[in-house]
Number of protein chains: 2
Amino acid sequence: MPKAPTVYDVADLAGVSIATVSRVFRKPHKVSQATKDRVDAAVLDLGYVPSGSARSLAARRAGAIGLCFPDFDGIDGGPAPIAYADGKVIARLDPPEDVEPSGNLYISEVMLGTEIEAWRHGMAVTIAVARGERGNEIFDNLAGRVDGMVTLSQTVPEGLLAHIARRIPVVVIAGPRAGDDYDHIGTDNVAGMEAMTKHVVDVHGVRDVAFVGGPADSPDDRDRFEGFRMGLLAEGIEAPSEPLLRGDFTRGHGRMLGRRLVEAGPVPRALMCSNDQTALGILDALLAAELRVPEDVIITGFDGIDASEMSRPRITTVRQPMRELGRAAVDTLLRRLGDPLMPPQTRTLPVTVLLRESCGCLP
Amino acid sequence: MPKAPTVYDVADLAGVSIATVSRVFRKPHKVSQATKDRVDAAVLDLGYVPSGSARSLAARRAGAIGLCFPDFDGIDGGPAPIAYADGKVIARLDPPEDVEPSGNLYISEVMLGTEIEAWRHGMAVTIAVARGERGNEIFDNLAGRVDGMVTLSQTVPEGLLAHIARRIPVVVIAGPRAGDDYDHIGTDNVAGMEAMTKHVVDVHGVRDVAFVGGPADSPDDRDRFEGFRMGLLAEGIEAPSEPLLRGDFTRGHGRMLGRRLVEAGPVPRALMCSNDQTALGILDALLAAELRVPEDVIITGFDGIDASEMSRPRITTVRQPMRELGRAAVDTLLRRLGDPLMPPQTRTLPVTVLLRESCGCLP
DNA sequence: TAGCTTAATGTATGCGCATACATTCCATTG
DNA sequence: CAATGGAATGTATGCGCATACATTAAGCTA
């Protein structure tokens with residue numbers, strides 16, 4: 001790859017000044033057609049592509065927004081995939097046990113939403129996962145190259161986030177306000193879980209309901225538990241002050257909790273889980289112990305990931321509008337860029353309760 | 001947001017030169033501890049975050065790779081999502097008819113794979129969809145701000161791609177070599193479809209097999225049809241020179257084809273489709289016509305999207321390692337950056353045949 | 001102690017572009 | 001025909017950083 005041509009090269013070849021070359025790209029209407037044609041020809045001839053770095057520097061805007069996630073799954077991917085040359089035939093007829101977990105639908109959907117909304121405003125999206133020991137560095141790096149940042153809560157330490165926020169606007173997804181000054185986008189965890197709880201009690205007539213939580217420091221988990229309690233209280237049922245058990249939001253941990261429940265004696269009539277992965281893990285364990293779902297035990301989840309629809313029975317859950325989260329975050333970010341003095345925003349998106357087999361609503 | 005501090009500000013406050021500030025970030029080992037401490041303090045004090053644009057410009061590398069997709073779904077998203085303020089409770093108990101289509105698992109997975117491999121090499125990923133009339137401009141813009149580009153074939157016109165490739169390395173996913181000089185990452189369409197064909201003939205004893213193709217200009221489709229023919233020939237069955245029908249890879253079009261098949265008279269005993277969406281559409285139509293799958297008609301797909309696992313019956317299909325595609329693309333891209341003179345690479349990733357209900361393998 | 005080496009830091013420059021401002025060229029106008 | 005104004009283009013500068021090279025200080029050798 002020979003040295004890339006610059007505005008100077010194009011200007012020389014077209015016999016114009018660099019300002020004119022720049023105008024052909026940025027303000028075409030200010031250049032005569034004849035000149036434009038000569039410049040275009042030179043551009044094609046030389047294979048010129050404007051440098052985004054130089055442009056961003058000179059224009060004082062990056063034209064991109066950053067999206068940074070924590071490393072939910074601890075995926076480091078291992079070495080790059082094995083490949084083989086053309087002609088060698090490999091096809092397996094195995095059952096799909098080797099299919100990788102669908103991973104983070106959540107992240108994927110937020111990404112898609114982010115991209116769509118960014119596109120509508122002519123911006124690119126730069127993504128990075130603050131993964132590993134250099135996670136903070138990754139975050140910092142990303143912040144330096146974008147006009148604003150969307151991040152999930154808990155991605156980096158508060159101090160770093162505050163540091164970044166002095167330079168560019170930051171929108172936090174899924175973390176409720178904690179007295180900070182960031183803009184926040186959340187979903188209605190409380191209302192969702194409250195509605196789900198009432199459904200289980202009202203429609204299925206169950207009063208022996210327990211809550212299986214997630215990490216104690218998760219704001220989402222806290223809100224969902226709060227919704228659970230409100231649901232119970234509204235039904236005149238005494239509400240516990242703590243979840244029956246806590247997992248770490250992974251399916252594996254959910255399985256462990258399920259086994260523990262089975263061993264500990266009679267399993268509650270209904271288990272309301274703080275997320276889908278936990279619900280799926282518990283389902284795995286209960287089915288393995290020959291319990292029937294929903295006949296013996298009702299299970300519900302939260303999130304609405306695709307995997308919740310692929311289990312048998314399928315999981316009744318509360319769907320978060322994941323793609324909308326991304327879109328709303330970008331929308332808010334761009335508003336903030338337009339009006340830096342606007343007071344801190346908090347937007348809460350509505351959730352949807354999805355009734356399926358695991359609560360007994362579908363056969 | 002007041003004017004962001006620069007190296008100069010930090011240097012002044014710390015009483016050092018800008019070179020030293022820069023070194024604290026880039027070559028910390030070349031700075032004495034005492035100096036480093038003073039600089040760090042100034043950085044925190046001022047809220048300094050290095051400008052990525054300036055860094056990229058000066059260092060002549062962006063530290064990011066680009067990922068550009070075509071607009072598969074024609075999603076423009078419409079206006080940003082409705083939100084409501086805190087406290088207002090909305091939760092619905094409707095069936096999930098409003099759940100948005102799972103969209104592009106394919107794209108999502110490639111994104112995730114790309115990000116993982118980029119992370120392993122300390123690079124960020126900038127994504128953009130070449131969507132709408134300004135698609136080419138988006139692509140061009142993206143190209144200017146990254147060190148290399150991963151793109152799906154058919155994303156932009158060949159001329160533009162060639163133009164970009166003069167400046168930065170380009171890796172094309174899913175498009176087989178067409179005599180061009182790009183690096184390519186593909187999946188083994190031929191072997192996958194051949195194995196699937198043999199399976200249907202051998203295991204299920206079906207000889208009345210037809211192929212439902214996709215767009216005639218799709219290289220993937222061409223290869224899959226070729227695999228189909230090879231499978232038949234290997235079984236001693238005469239192979240057609242053209243697909244029985246062609247769709248456009250969408251489910252809607254698949255439904256139409258399905259209805260047409262039903263009307264046209266006896267439906268072949270097995271329909272092998274060039275992608276999952278088409279298979280799902282045909283399944284919809286056959287079930288609507290009261291035909292039984294797989295008892296009356298066997299249906300198979302290709303891709304392994306999640307939706308293929310959520311239908312009833314679930315679709316037997318050939319799974320592409322989508323995440324691995326992204327990883328392999330980045331891997332190849334970085335090799336290319338390391339050795340620009342390396343001959344053009346082509347890597348083909350193995351596929352997996354997933355046997356499920358729609359061919360009769362699972363009850 | 002002169003001469004040499006190495007560590008630490010500073011100086012000066014350029015990366016490639018956008019843009020404020022200056023200049024040139026015409027077409028109008030009175 | 002001189003004065004005016006707008007369109008098209010050019011000149012000059014700075015965006016914020018990395019880095020080659022220069023400089024200084026300090027330790028070490030013979």
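Quick note: numbers below take in every heavy atom, side chains included, and nothing from hydrogens, waters or symmetry partners. By convention in this document, chain letters (A, B, ...) are assigned in the order of the sequence lines, proteins followed by strands, and residues within each chain are numbered from 1.
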Evaluation steps, side-chain contact (heavy atoms from CB on, under 4.5 Å), between B/I138 and B/V129: CA-CA 8 Å; B/I138 290 171; B/V129 176; over 6 Å; no

Between CG of B/D9 and P of D/dG16 the distance, given in whole Å, is 9 Å

Evaluation steps, salt bridge (charged side-chain N to carboxylate O under 4.0 Å, His left out), between A/D331 and A/R347: CA-CA 11 Å; A/D331 185 64; A/R347 293 170 74 179; 2.9 Å; yes

Test A/R327 against every option in A/E115, A/E117, A/E109 by the salt bridge (charged side-chain N to carboxylate O under 4.0 Å, His left out) rule and name the one that passes. A/E117

Could you check how far OH of A/Y48 sits from P of C/dG16, rounded to whole Å? 10 Å

Side-chain donor or acceptor of A/D183 paired with backbone N/O of A/V171 under 3.5 Å: no

Could you tell me whether B/F25 contacts a base, only the sugar-phosphate backbone, or nothing, with contacts defined as non-hydrogen atoms closer than 4.0 Å? nothing

A/K27 NZ to D/dA7 P, in whole Å, measures 15 Å

Expected string for nucleotides 5-11 of chain C under the B/S/- scheme (protein heavy atoms, under 4.0 Å, primed atoms plus P, OP1, OP2 as sugar-phosphate) is ---SBBB

Does the D/dC17 base have a donor-acceptor partner in the side chain of B/Y8 within less than 3.5 Å? yes

Give, ordered by number, those residues of residues 136-151 of chain B having at least one heavy-atom distance below 4.0 Å to an atom of DNA chain D; if nothing qualifies, reply none. none

With heavy atoms under 4.0 Å as the rule, sort B/T6 into base, sugar-phosphate or nothing. sugar-phosphate

Can A/M111 and B/L112 be said to form a side-chain contact (heavy atoms from CB on, under 4.5 Å), step by step? CA-CA 10 Å; A/M111 272 189 201; B/L112 292 178; 3.9 Å; yes

Length of the CZ-C1' vector between A/R60 and C/dT19, whole Å: 9 Å

Just by distance, do the side chain of B/Y182 and the backbone of B/A162 share a donor-acceptor pair under 3.5 Å? yes

Could you list the residues that satisfy side chain to side chain contact (heavy atoms under 4.5 Å, CB included) with A/L46, not counting sequence neighbours? A/P5, A/D9, A/V10, A/L13

Using a distance-only test with no angle check, is there a side-chain donor-acceptor pair under 3.5 angstrom linking B/Q33 and B/D37? yes

